[in-house]
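Take a look at the structure set out below.
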Amino acid sequence: QKEVEQDPGPLSVPEGAIVSLNCTYSNSAFQYFMWYRQYSRKGPELLMYTYSSGNKEDGRFTAQVDKSSKYISLFIRDSQPSDSATYLCAMVASPSGSGNTGKLIFGQGTTLQVKP
Amino acid sequence: ETGVTQTPRHLVMGMTNKKSLKCEQHLGHNAMYWYKQSAKKPLELMFVYNFKEQTENNSVPSRFSPECPNSSHLFLHLHTLQPEDSALYLCASSRRATNTEAFFGQGTRLTVV
């Protein structure tokens with residue numbers, strides 16, 4: 001079983017739709033959860049960063065973490081064609097005390113296309 | 001851009017060649033990383049350097065040899081690669097190795113023929 005599971009898609013939605021991107025994970029030690037966006041021919045860029053359970057909102061983006069279900073989501077409201085990219089979830093166990101090097105574990109990425 | 005610059009952007013090499021990938025970060029970070037991104041696979045961590053010291057080698061074959069002369073520069077030396085090594089190689093940096101906010105370069109698209 002992969003540590004992090006993410007549906008690769010592709011996911012195609014019309015402009016203005018609400019998009020829901022999800023990842024599940026198996027390691028209960030994960031505490032830091034990130035979403036990266038990767039445009040074609042570019043490196044990933046950090047989009048959202050959350051610690052433990054709960055919601056975090058940044059403009060049209062909301063990151064949600066449910067540790068009890070080992071499930072994280074990224075919601076995009078009023079999606080735009082410029083949101084078309086691959087979205088990667090990533091997570092890491094607590095880096096403190098254990099000598100953990102902050103090793104990020106990535107999902108496979110979901111390719112999103114927002115059509116005008 | 002992100003403050004992490006990788007060169008070259010594209011590289012085609014034969015299996016008997018020797019080449020090097022370069023990464024430079026202008027963010028004042030102390031940790032640098034090499035990742036491999038293959039089609040339909042998650043990003044794979046290859047190496048971690050923290051304050052110029054290698055702290056992780058994720059079971060990477062010896063045909064990949066990293067070098068970190070200082071906290072701002074990272075190299076990946078390549079020799080006798082295989083076609084299955086063709087991938088996007090990404091460099092990243094963070095304030096320290098336990099910091100979870102990594103900034104990525106644009107990557108080097110490597111093709112081994």
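Quick note on labels: first sequence line is chain A, next is B, and so on, each numbered from 1. Computed from a predicted structure; not experimentally measured.
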Check whether Phe64(B) and Leu21(B) end up in the same hydrophobic cluster, where Ile, Leu, Val, Met, Phe, Trp and Tyr are linked by side-chain heavy atoms less than 4.5 Å apart. yes
Same cluster or not: Met13(B) versus Val60(B), using hydrophobic residues (I, L, V, M, F, W, Y) connected whenever any side-chain heavy atoms lie under 4.5 Å apart? yes
Do Leu43(B) and Tyr49(B) belong to the same hydrophobic cluster, where Ile, Leu, Val, Met, Phe, Trp and Tyr are linked whenever their side-chain heavy atoms lie under 4.5 Å apart, directly or via other members? no
Same cluster or not: are Val48(B) and Met34(A) linked, directly or through other Ile, Leu, Val, Met, Phe, Trp or Tyr residues, by side-chain heavy atoms under 4.5 angstrom apart? yes
Is it true that atom NZ of Lys52(B) has more than 12 heavy atoms of other residues, nucleotides or ligands lying nearer than 6.0 Å? no
Donor-acceptor contact below 3.5 Å, side chain Gln106(B) vs main chain Lys42(A): no
Are the side chain of Arg9(B) and the backbone of Arg41(A) linked by a donor-acceptor contact shorter than 3.5 Å? yes
Taking the side chain from Tyr36(A) and the backbone from Ala102(B), do they hold a donor-acceptor pair closer than 3.5 Å? yes
Measuring heavy-atom distances to chain A, does Leu90(B) have an atom under 4.5 Å in its side chain, in its backbone, in both, or in neither? side chain
Test side-chain contact (heavy atoms from CB on, under 4.5 Å) on Leu104(A) and Tyr35(B); report intermediate values, then the result. CA-CA 10 Å; Leu104(A) 285 173; Tyr35(B) 283 87; 3.8 Å; yes
Any heavy-atom pair between the side chains of Glu101(B) and Tyr49(A) that's under 4.5 Å? yes
Say whether Ile76(A) and Val65(A) are linked into one hydrophobic cluster, either directly or through other cluster members, by side-chain heavy-atom distances under 4.5 angstrom. yes
Of the non-hydrogen atoms in Pro42(B) and Phe106(A), which two are nearest, and what is the gap between them? CB-O, 3.4 Å
Ile105(A) portion near chain B, given a 4.5 angstrom heavy-atom threshold: neither
Sort Pro8(A) into side chain, backbone, both or neither according to what part of it lies under 4.5 angstrom from a heavy atom of chain B. neither
Relative to chain A, which segment of Gln37(B) carries a heavy atom at a distance below 4.5 Å: side chain, backbone, both, or neither? side chain
A side-chain contact here means heavy atoms from C-beta on lying under 4.5 Å apart; do Gln38(A) and Leu88(B) qualify? yes
